[in-house]
Amino acid sequence: MDYELTKDQKELQEEVARFCREEIAPRARLLDESPKDKVGGMLRENLKKLTKIDYLGLGLDTRYGGKGLDLISQCIASEEVAKACASTFLSAWSSAYLFGAMLQLFGTNLQRDKYLSGLIKADIVGALAYTEPDAGVDIAGINTIADKKGDKWVINGTKDLVTNASIADVFLVLAYTDRDAGDGSGMTLFIVDKGTKGLSIGSPIETMGLRGASIAGISLDNCEISDDSVLGGDVGKGFNQLERILEVGRLGMATMSIGIGTACMDNATQYAKGRKAFGRQIGKFQEVGFKLADMFTYNDLGRMLTYKAAWSFEQGEKEAGVLASCAKLFASEAVTNIANWALQVFAGHGYVKGTDIERLYRDARFCEIGGGTSEMQRSIIANDVLDEFLH
Ligand SMILES: Cc1cc2nc3c(=O)[nH]c(=O)nc-3n(C[C@H](O)[C@H](O)[C@H](O)COP(=O)(O)OP(=O)(O)OC[C@H]3O[C@@H](n4cnc5c(N)ncnc54)[C@H](O)[C@@H]3O)c2cc1C
């Protein structure tokens with residue numbers, strides 16, 4: 001067992017950390033506090049900035065200007081981006097991973113050629129839309145329908161809570177193409193460009209945390225697109241394609257949790273060194289020091305589980321998917337605790353609006369929800385464990 005990062009991974013970590021500290025973190029609070037009509041422009045600027053360290057193309061094909069790096073390297077870099085600004089991470093990850101990796105994995109050559117290099121250069125922003133007002137974790141419960149009319153598809157439906165909705169140039173939209181075939185073979189993913197007749201973007205949604213992200217619903221009203229817009233040309237494969245991308249995608253949410261967790265720890269540790277009570281640094285009180293110890297332990301455990309799951313995917317291990325669920329479950333629940341403990345170290349001064357710790361506390365809460373809720377991760381893990389028992 002070798003826990004050592006490679007020389008390239010260490011260099012990547014240092015480069016991304018330095019860049020994010022100088023270029024992304026200083027704008028995080030401003031992005032969080034900006035009115036929704038200003039957020040889109042700032043986010044696009046941040047995505048453009050991230051191209052200077054090739055972040056958007058880290059996992060994507062070198063033919064399109066990507067770096068084609070392994071999942072552990074992607075996790076290392078993602079932690080630094082999320083630590084600097086979770087909203088920027090969510091936006092970048094939704095575009096480069098949820099949209100980009102989906103295209104890379106399942107798209108036709110024409111589809112990849114059309115979008116991937118623009119995505120890596122942040123000239124194009126992508127989004128993935130599967131959640132609906134009446135269907136969240138129960139993806140099979142969606143109501144969006146695509147009907148074949150000649151050589152066209154006509155899509156009708158509404159999607160909710162789509163990251164990047166207001167700034168996206170292109171959406172991947174999940175729809176039923178054959179309801180009777182069920183989720184396994186009756187769903188299809190469609191590539192829908194912004195500006196397509198019948199596609200409209202809702203007003204920005206105000207969220208508790210990640211206020212610097214651009215979240216909105218979209219609706220498709222007799223939205224007509226060509227047959228070439230079916231992802232990979234694979235009618236009926238949408239559910240399986242989505243499941244695959246969300247499975248590896250749990251690593252993204254786990255990394256986001258660890259990044260926010262590290263930011264909470266750094267903030268709380270600095271404060272515990274500087275703040276005095278009863279004539280001593282508060283960190284010297286056991287009750288405060290123990291909180292920092294727990295924060296460190298929980299975050300590091302989350303990181304280890306995440307790297308192990310990433311390594312397992314790279315090795316093609318059968319249990320990689322369930323390990324990713326374990327990592328996502330643990331790291332996201334850990335960061336809820338970590339942010340809570342960090343806020344307690346700041347006490348009243350952390351409860352003040354506009355402080356970093358207050359923003360981190362709000363951002364952290366999303367991690368148990370996005371990319372598959374804690375309940376769904378537990379179900380996946382339980383099913384896996386039960387299967388082992390029953391066979
Ligand atoms: C900031 C933000 C960004 C997002 N970005 C995107 C995006 O880019 N694209 C997109 O498509 N969606 C996006 N979403 C939506 C997100 O994926 C969903 O919120 C998430 O999947 C949960 O769905 P839901 O909120 O509808 O909860 P529901 O599905 O209504 O579930 C409610 C609760 O019931 C529990 N529950 C439901 N069924 C079961 C069960 N069988 N067993 C145990 N518990 C169960 C759930 O775990 C949850 O606790 C985003 C959401 C947010 C807040």
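Every number for a ligand or one of its atoms is a count from 1 in the order of the listing. For the single chain, residues carry numbers from 1 onward in sequence order. The shown structure was predicted, so the numbers you read here are calculated from the model rather than taken from an experiment.
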Counting from 1 in the order shown, the ligand 1 atoms closer than 4.0 Å to a non-hydrogen atom of I215 are 1 (C), 3 (C)
Do you see a protein non-hydrogen atom under 4.0 Å from atom 32 (C) of ligand 1? no
Is there a nitrogen or oxygen of E375 sitting under 3.5 Å from a nitrogen or oxygen of ligand 1? yes
K83 side chain to I258 main-chain N or O, any donor-acceptor pair under 3.5 Å? no
Test item: side-chain donor near acceptor, E368 and T336, under 3.5 Å: yes
Heavy atom of the protein closest to atom 20 (C) of ligand 1 (residue, atom name, distance): I369 O, 4.0 Å
Just need the protein heavy atom nearest to atom 40 (C) of ligand 1, so name the residue and atom and give the distance. M376 SD, 4.1 Å
among protein heavy atoms, the one nearest atom 12 (N) of ligand 1 is T131 OG1, 2.7 Å
Going by the 4.0 angstrom heavy-atom rule, the piece of T373 near ligand 1 is side chain
Please report whether ligand 1 has a polar contact with Y130, defined as an N or O pair separated by less than 3.5 Å (distance criterion only). yes
Under the side chain to side chain donor-acceptor pair (under 3.5 Å) test against R18, which residue among E15, E14, E22 passes? E22
Using the rule that two of Ile, Leu, Val, Met, Phe, Trp, Tyr join whenever any of their side-chain heavy atoms come within less than 4.5 Å, decide whether F296 and W341 are in one cluster. yes
Per-residue contact class, L128 against ligand 1 - non-hydrogen pairs under 4.0 Å: backbone
Would you kindly check if the NZ (Lys) or CZ (Arg) of R280 is within the cone defined by 45 degrees around the ring axis of F285 and under 6.0 Å from the six-membered ring centre? yes
Closest approach of any protein heavy atom to atom 37 (C) of ligand 1, naming residue and atom: V137 CG2, 3.3 Å
Does any donor atom in the side chain of D32 or S87 lie under 3.5 Å from an acceptor atom in the other side chain? no
Below 4.0 angstrom, counting only protein heavy atoms, does anything approach atom 26 (O) of ligand 1? yes
Judged by modelled atom types alone, do K284 and Q281 share a side-chain donor-acceptor pair under 3.5 Å? yes
Min N/O separation L161 to ligand 1 under 3.5 Å: yes
Nearest-neighbour protein heavy atom for atom 53 (C) of ligand 1, which is reported as residue plus atom name and distance: F366 CE1, 3.6 Å
Any donor-acceptor N or O pair under 3.5 Å, side chains N156, N222: yes
Assess, by modelled atom type and distance only, whether the side chains of Y55 and S78 contain a donor and an acceptor separated by less than 3.5 Å. yes
Please list the nearest protein heavy atom to atom 24 (P) of ligand 1 with its residue and the distance rounded to 0.1 Å. G136 CA, 3.9 Å
Closest to atom 8 (O) of ligand 1 among protein heavy atoms sits T163 N, 3.0 Å
Minimum heavy-atom separation for R365 and M208, please, with both atom names. CB-CE, 3.9 Å
Is the closest protein non-hydrogen atom to atom 35 (C) of ligand 1 under 4.0 Å? no
